[in-house]
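For reference, the structure is listed below as structure tokens.
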Amino acid sequence: MILYIILFLLFVFFIRTIIILKRVQCNNSNSLVAKIPFVKVMAIIGSGGHTSEIIQLIHSLSYTYYPRIYVIASSDKMSQDKVLELEQKLQVHATQQHCKEHYQEFCIEKIPRSREVHQSWITTVISTIYSILHSVPLLLRHKPDMILCNGPGTCVPVCLVAFFLSVIGMKKSTIVYVESICRVQTLSLSGQILYYFADYFFVQWPQLKARYTRATYLGLLVN
Amino acid sequence: MKSLQLLYETRSNNKREFGTTSFDQLVETVITPEVLQILSGRGYEKILIQIGKGDFQPVQDDTHVEQIIEYYRYKESIESDIREASLVISHAGAGSVLETLRARKPLIVVINENLMGNHQMELAYQLFQDGHLYYCKCGTLKETLASMDEGQLIPFCGGEPAKFAQFINRVMGVM
């Protein structure tokens with residue numbers, strides 16, 4: 001009897017996953033998003049070039065995007081400095097423009113890195129599982145409306161957990177993935193995975209748009 | 001004073017991908033008498049070299065060399081060096097390529113053969129095809145330096161994050 005119940009639940013879960021995946025693929029997922037006065041953004045910060053790209057993207061967002069939650073790999077001090085520098089700029093802007101009082105809110109969350117460059121496959125799997133376990137409480141705590149990422153390894157577990165939460169109906173976070181400007185012909189590993197899960201998937205070169213038709217191409221977005 | 005900046009990579013982390021041998025080769029190529037002569041003919045009086053982890057340290061023993069040759073391993077920020085340079089030669093790392101183009105400096109990318117098939121090459125090659133930079137091999141650097149015309153390069157304007165913001169506003173239902 002219990003076995004039947006479990007099988008039934010698994011079946012329902014499976015169907016729901018397929019429905020959500022299809023909806024994501026048709027870019028209809030915004031019908032799930034209620035119209036809200038502000039958008040809680042979770043940004044997954046990578047390292048080096050990834051960081052400077054995502055900082056430009058966050059900087060471009062309007063004053064409706066708050067609070068901002070920055071997720072940084074625990075070993076990455078440089079990115080944290082860059083985030084603080086960005087926030088300082090945003091705060092100055094906000095006081096000049098007399099923004100809503102909550103606009104200033106932001107926080108920094110640290111999670112373990114999921115994949116170092118040149119890490120072997122087995123350890124990658126183990127550390128990814130570890131990162132997934134870390135991502136669950138993180139997402140449950142913040143329940144962001146939008147997740148913005150551009151390809152560091154850490155974004156895959158977070159986005160997968162966010163997708164899972166929308167499957168079980170706990171929180172629909174819109175996943176926005178922007179592939180790095182460096183990727184002209186091929187997607188990064190994170191991109192190849194999240195192509196299927198992201199609600200909006202941006203590429204910055206027409207060659208990639210030709211190969212990945214579901215992607216959005218608006219020209220170069222960063223410099 | 002016209003100066004040349006030779007870049008290994010702008011950032012000191014992320015080094016495992018880059019072999020140092022091919023960069024040593026590039027440094028050696030740049031300071032051969034023939035190349036130095038072309039450079040001095042073009043008015044370059046100073047050559048600043050970032051050697052990274054490379055083994056090859058340029059020694060200025062040749063008294064015939066007219067240029068000042070300086071080198072260092074890494075700096076926290078090389079932005080100011082790029083801004084002061086009149087020409088940058090780099091090894092196709094995305095970071096150094098973008099940073100140089102942003103500073104609106106003429107750039108020669110010398111292909112790093114160790115990076116063949118690496119995605120870092122994609123960007124440099126694309127920007128070459130779009131006319132933003134020169135692109136050559138170590139062996140052809142001399143010819144490229146002799147024949148290049150910096151004025152022919154198309155300035156790189158970069159991207160427009162505002163377009164992204166607009167799109168996101170629309171899909172998130174924000175006015």
Side-chain angles (χ1 to χ4, degrees), chain A residues 27 29-31 33-41 47-65 75-76 78 116-118 145-146 148 174 176 178 180-189 199-200 202 204-208 216-223, chain B residues 9-19 74 76-79 92-104 109 115-130 132 135 154-175:
Chain A
N27 269 356
S29 45
N30 51 341
S31 58
V33 183
K35 300 261 190 255
I36 28 180
F38 61 90
V39 180
K40 191 170 188 179
V41 187
S47 57
H50 282 306
T51 308
S52 75
E53 286 190 33
I54 203 160
I55 293 238
Q56 291 178 49
L57 294 175
I58 298 165
H59 193 244
S60 75
L61 294 174
S62 71
Y63 296 114
T64 331
Y65 296 82
S75 54
D76 195 351
M78 208 162 92
E116 301 276 355
V117 187
H118 293 271
D145 302 310
M146 174 174 140
L148 177 61
T174 303
V176 178
V178 182
S180 162
I181 188 173
C182 304
R183 293 298 183 152
V184 181
Q185 304 282 353
T186 56
L187 291 182
S188 63
L189 184 59
D199 296 278
Y200 300 98
F202 289 86
Q204 302 197 50
W205 293 98
Q207 293 94 314
L208 279 178
T216 308
Y217 170 67
L218 301 175
L220 287 180
L221 298 174
V222 299
N223 53 50
Chain B
E9 228 324 271
T10 50
R11 291 182 187 86
S12 53
N13 53 0
N14 194 15
K15 272 293 87 65
R16 272 177 289 179
E17 291 185 42
F18 298 90
Y74 290 111
E76 187 70 357
S77 164
I78 50 146
E79 241 181 291
S96 58
V97 168
L98 286 172
E99 213 157 312
T100 307
L101 293 185
R102 246 178 258 149
R104 299 283 162 96
V109 163
L115 280 181
M116 275 304 187
N118 185 306
H119 77 90
Q120 298 257 2
M121 306 289 296
E122 288 178 15
L123 181 69
Y125 187 66
Q126 179 66 39
L127 292 169
F128 160 67
Q129 286 196 315
D130 294 346
H132 301 302
Y135 190 83
I154 302 163
F156 176 70
C157 301
E160 293 166 273
K163 282 187 184 165
F164 168 78
Q166 257 173 18
F167 185 96
I168 294 298
N169 274 345
R170 205 176 67 233
V171 300
M172 294 305 292
V174 170
M175 287 304 120

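All chains are named by letter (A, B, ...) in the order of the sequence lines, taking the proteins before the strands, and each is independently numbered beginning at 1.
Minimum heavy-atom separation, B/A162 to A/S60: N-CB, 4.3 Å. A pairwise comparison of heavy atoms in B/A94 and A/C182 identifies CB-SG, 3.4 Å as the closest pair. When every heavy atom of A/D145 is checked against every heavy atom of B/M172, the shortest pair comes out as O-CE, 3.9 Å.
The CG atom of B/L123 sits 10.0 Å away from atom CD of A/Q204, with the distance rounded to the nearest 0.5 Å. Here the CD1 atom belonging to B/I168 is positioned 8.5 Å from the OG1 atom belonging to A/T174, to the nearest 0.5 angstrom. Distance OH/A/Y200 to CZ/B/F167: 6.0 Å, rounded to 0.5 Å. Interatomic distance, B/E122 CD to A/I181 CD1, rounded to the nearest 0.5 Å: 12.5 Å.
Qualifying side chain to side chain contact (heavy atoms under 4.5 Å, CB included) partners for B/Y135, counting only residues two or more places apart in sequence or in other chains: B/V109, B/I111, B/M121, B/A124, B/Y125, B/F128, B/L133. For B/E160, the side chain to side chain contact (heavy atoms under 4.5 Å, CB included) partners at least two apart in sequence or on another chain are B/K163.
When only modelled atom types and interatomic distance are considered, A/Q207 and B/Q126 share a side-chain donor-acceptor pair under 3.5 Å.
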Problem set entry | Test side-chain contact (heavy atoms from CB on, under 4.5 Å) applied to A/L220 and B/F156, step by step | CA-CA 11 Å; A/L220 287 180; B/F156 176 70; 3.8 Å; yes

Exercise. Taking it one step at a time, do A/Y65 and B/V174 satisfy side-chain contact (heavy atoms from CB on, under 4.5 Å)?
Worked result: CA-CA 9 Å; A/Y65 296 82; B/V174 170; 3.9 Å; yes

For this session: Start with the C-alpha distance between A/V222 and B/F164, add both sets of side-chain angles, then the distance that settles side-chain contact (heavy atoms from CB on, under 4.5 Å), and finish with yes or no.
Result: CA-CA 9 Å; A/V222 299; B/F164 168 78; over 6 Å; no

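With a threshold of 4.5 angstrom between heavy atoms, A/V176 approaches chain B through side-chain atoms but not through N, CA, C or O. Interface remark: B/L101 contributes no atoms to any contact with chain A (heavy atom separation under 4.5 Å).
Top candidate by heavy-atom pairs under 4.5 Å with chain A, chosen from B/A165, B/P161, B/C157, is B/P161.
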